[in-house]
Structures are given as C-alpha cells and as structure tokens.
Amino acid sequence: MNPILPLLRGASLRKPLKLSRAVSRAFISTTPASVAGFLDFKPQEPVPDVKIDGFVRSVRAQKRCHFVALGDGSSLESLQAVVPADQTEGLTVGAAVRLHGSWIPSRGRGQSHELQVEQTTILGPSDSKTFPIQKKYQTPEYLRNLPHLRPRIPFNSTILRFRSEIIASLTRFFGSRDFIQTHTPILTSSDCEGAGEVFHVSDGKKSKTHKPFFRRPVYATVSAQLHLEALAQALGNVWTLSPTFRAERSDTPRHLSEFYMLEAEISFTDSLDSVMNLVEDMLRHVSADLVGSRVRGELMVRAGERAEDLTPAELVSQRWDGFMQKAWPRITYTEAIELLKLSQTPFDHPPIWGRDLQTEHEKYIAMKVGSGITPVFVTNYPRDIKAFYMKANTGVCDASTPGATVECFDLLVPDFCEIAGGSMREHRLENLLESMGAHGMAPKRTEDGASKPSKASENNLDWYLDLRRWGCPPHGGFGLGFDRLICYLSGIQTIHDTSAFPRWYGRCDC
C-alpha cells in the first residue's frame, strides 16, 4: 500500500497538505512514473502533488476545463487529465508536457481515475495545425510515409514495446539454458547463402587509381550463422539477435531488405531433433511468458477502423495457443510431397519432389498436418535445393525418397508459412568440400593439398573451412525471422509495420 495513503484519509483537499521530508521521499519512490503505472494505480482516496510527463494525444475543450488525453508510449490507453481553462495555453495535439496535480477517482465514464491538473508546463510545443499525426484514423499506407512520427501512434508504440518484451523473454530463455549471447559482424566477406542477393559495401569512391577500402569484396551480412559456428567452437552454445540484409527486389508483405534474425548454434550435438526441440521450447516459453502481459492484452484490442488492418483477435489468440501446445507435428519433405499430391486442391504449382515448397504448399501442410493451429516441422529436404553447409543424411530416412537429402527443417505456421529454418552443419572437411563442389562453390587446391576459394565465386570461405581442420565437433543450429514472429503474434498484416524504420525494395525514407 502507498505509505502516504493513511495520512491522506480524512484530510481536507481544500487545505494544503504538508508532508514531512521523509514521507515526501517515500511518496516519490512509490508514485508511478509512467502513464501505464498511473492507469494501474487506483487508490480509494485522492493523491495530491503528483507529476506526469507525456505527449498530448487529443484535447476536448469545455468552458471551464479541457479534457486532455495523455500518452507516453507505455500504454495503448490514454490517461485523462482535467485541466482548468486558465492552464490550457499550449496544450495542443503532439505537445510534450508536464502536468502537476492530484490523482483522484473519476466521476466520468471510461476511466476509474483521472488527473486533476493544477499546473501545466509545456516542454515541447507543437503546432496542431501542421502536426501530421491526428486522432482520426490514418491508414497504414499513409503512416509508412512518416516513419519518424509513426511510432507515436498508440498501437505502433505497442508493437515496439512488444518487440522489447519478446527480446527480454528470449534473453531469459537462453540464459536458463546456459547459452552465451554474442554479437556477430554486420560487414562480412562471406555470402552465407550463396544466392547472390547481397548488398555490396564500398566507400563510394570510383577512379582507376583509387585503392579499395577492403582487400576483398565485402557485403552486408545475410546471416550470422557462419560466424556463430566459429564462436560455438570457443564458447559452446551461442545465440544472437542481429540485423541482416537481403538485396531481394520483392515488394510483398513478407519481405524486408533489413530485418532481424534470431540465430543459435548448439555445439556437440549430432541430433536434428535437439535443434528442433530448442526451437519448440523457445517459442513455447515466449508465448507462455507473455500471454498474460499488458502488451499482449493491448495487441488483442480491435477498435474502430484500425480493426480492418489487423488479423481478427480470435485468430491471433489461436496462434498463441498453438505455440503453447505440448507436441508439434514433424513430417519429412518426401511425406509432404506425397500429401500434396493426394490432395484435391488445384495448386498453381504442382508439387514435384526436388523442387522447393511454394507458399500455397506450405499453407496446405500447416492446415492439414497442424490442423491450422499447431506449427509443423518439415524435415529432410533434397540436397540440391538447400545450402552447401547442411549435413547430408547418411541413413535411409524414407524408403520412397528418390534422391539425396540433408538433415534440415523448416518450421511452418498456419496462415503465415515459414518463420524458421535450421539444420545439422557439415562438420567434416572432406564432406563439406564435396558439398561445396556440388553447389558450384568448389575451392581450388594448392600444391600442398590445402584448399583455396575459387576466385570466380568472390566468396571468402577459406576461414570457414579452417573451422573443420582443427577440432570441429558435430553441431547444428537455426535461424528465425524475428520480424515475422512479431507479425504472426501481433496480427499485423504486413511485416513493413513491425519495425520502427522499415526498409524494403524501393523504400528507405529516413
């Protein structure tokens, strides 16, 4: 209980209340410091001499007073402040203000308490006539043109708080498993995927006499995996959450040019199941950890015209429930192809063994195998359509498998398709060299038998091969699209609205 409340009971609000220095300090230490804190603070008696900082969301003017909706990013809901008419100068939409007054039970509808303001201080004025963010509904398309102001929209700030809480939950999860968090480089001389969809980095100077900044081609990283493998040989189990970049010319709701990847490597494991178990446990932990949180409750709010921009709350809640299911189905790629062939669905792309699964295929599998609720692991894809570093299946995974496969998986979720992928890494040098050759990345051999990367590939992987020469244990790992996870669990329809400053094909506005 607030230590000053006993002193307030019975006190007349018409007379100034004098508090001792000790009580004042206790009061300061227990008074909420945010709008969210005040909304949860519901004393039975008025609490005088409180202060709150925030931004004016709206103003409703009456003759004797103005009703001000105040926000500070800590809550989707606004705090109502009742401001005397003589204290309203400068209280315009968008203004940064400090309000002093008493926190009292409200007589009006819509809130249990309100701030009876006695003094206002304008800390940052705002011209409401030119301020682009208004109380009225504004479409996501319009707001994407204002990435520097868009986070001030209450729901958008809620999304950013959701990102923060998921990161905190992930940190707790990996800490409980003794994983070491690491920071991998943004600039790299290695193209992990080998697909060529990379941003090339240079100092921008072009002349015949100009010396390149780096001694070899450098790219913005597409994945932290290769560097994580190096760190895993020093630290054991490791993880990172870092920005990655793809120069993919796709303007779809599922693609960003700059996005965050959650990646982890497990050292000393020879089981793909152990990697899938880690992914499953991680997502189950995050869901169970945050299902009762304030921010999750706010994400379920569907009010006004904004509701049309979001997935229905019932479906989003079902996604959370699916993550918390105890067992997630696991099928092989070959089984998935057979399932697709047996379906009566007229696919635009016929399911053929040896070709990658299309979005329509993944949606069908998630609905049929996971009943539209539970995520589904699809394992053991054909070798030729997967990356060079994946470990080949040495045993017979399926008697009907018509070709070579690798120990890997994609995690499919209902409605949204793939959000994560992982594999066992090829830890044997000769096998890795053979796989690189099969993928057109064969390094050249020197006279002493050592390997040398092909100049034609312009992909520096000699250091990656070195990892296999000196003490490389069996290991595996995964990568999860963090922005896609936010999209899936929040109900946002496009990944462009999950980050503060999104970059995608054709757009980098600030």
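- Taking every heavy atom of both residues into account, Asn237 and Ile266 meet most closely at OD1-CA, 3.4 Å.
- Distance alone, capped at 3.5 Å, places no donor-acceptor pair between the Thr92 side chain and the Ala95 backbone.
- Between Ser78 atom OG and Asp72 atom CG the span is 9.5 Å, to the nearest 0.5 Å.
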**Study point:** Criterion side-chain contact (heavy atoms from CB on, under 4.5 Å) on Thr31 and Phe38, from CA distance to verdict
**Key:** CA-CA 8 Å; Thr31 302; Phe38 270 101; 3.9 Å; yes
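- The environment of OH in Tyr260 is sparse: at most 12 heavy-atom neighbours from other residues, nucleotides or ligands sit within 6.0 Å.
- In this structure, OH on Tyr219 lies 12.5 Å from CZ on Phe214, to the nearest 0.5 angstrom.
- Formation of a donor-acceptor pair under 3.5 Å by the Arg302 side chain with backbone atoms of Thr311 is found in this model.
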Check your understanding: Yes or no on ring pair (Phe, Tyr, Trp, His ring centres under 6.0 Å) for Phe179 and Trp239, after CA distance, side-chain angles and deciding distance?
Key -> CA-CA 7 Å; Phe179 275 69; Trp239 75 285; 8.4 Å; no
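- Open room surrounds CD on Glu89; 12 or fewer heavy atoms of other groups in view lie less than 6.0 Å from it.
- One side chain, Thr158 or Arg161, offers a donor N or O that lies under 3.5 Å from an acceptor on the other.
- In terms of heavy atoms, Phe67 sits closest to Val82 at CE2-CG2, 3.7 Å.
- Judged by distance alone, the side chain of Glu360 and the main-chain N or O of Asp348 form a donor-acceptor pair under 3.5 Å.
- Each of Arg163, His496, Arg254 was scored for a side-chain hydrogen bond (donor to acceptor under 3.5 Å, both in side chains) with Asp483, with one residue passing: Arg163.
- Remark: Arg172 CZ is packed, more than 12 non-hydrogen atoms of other residues, nucleotides or ligands lying under 6.0 Å away.
- Among all heavy-atom pairs drawn from Leu160 and Ser499, the shortest one is CD2-C, 4.3 Å.
- Note: Phe162 CZ to Leu290 CG = 6.5 Å, rounded to the nearest 0.5 Å.
- Thr171 and Gln181 form no side-chain donor-acceptor contact under 3.5 Å, judged by distance and modelled atom types alone.
- Once rounded to the nearest 0.5 Å, the distance linking OG1 of Thr374 with CD of Glu280 reads 9.5 Å.
- Between Arg284 and Asp281 there is a salt bridge, with a side-chain nitrogen of the basic residue lying less than 4.0 Å from a carboxylate oxygen of the acidic one.
- Classification of the Tyr488-Phe323 ring pair by plane angle, with boundaries at 30° and 60°, yields tilted.
- When all heavy atoms of Thr188 and Ala220 are compared, the pair lying nearest together is CG2-C, 4.5 Å.
- Taking a cutoff of 4.0 Å between a charged side-chain nitrogen and a carboxylate oxygen, Arg150 and Asp497 qualify as a salt bridge.
- One distance of note links OH of Tyr505 with OG of Ser250; it measures 9.5 Å at 0.5 Å rounding.
- Judged purely by distance below 3.5 Å, without hydrogens or angles, the side chains of Glu229 and Gln225 pair a donor atom with an acceptor atom.
- Other residues, nucleotides and ligands contribute at most 12 non-hydrogen atoms within 6.0 Å of the CD atom of Glu308.
- Annotation for Cys487 and Arg319: closest pair O-NH1, 4.1 Å, computed over non-hydrogen atoms.
- Of the inter-residue distances, the one linking Leu489 atom CG with Ile166 atom CD1 reads 5.5 Å to the nearest 0.5 angstrom.
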Practice item. In sequence, state the C-alpha distance, the side-chain angles, and the governing distance for Ile133 and Leu143, and then conclude on side-chain contact (heavy atoms from CB on, under 4.5 Å). Key: CA-CA 9 Å; Ile133 304 299; Leu143 293 172; 3.8 Å; yes
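- Minimum heavy-atom separation, Cys510 to Pro147: SG-CG, 3.6 Å.
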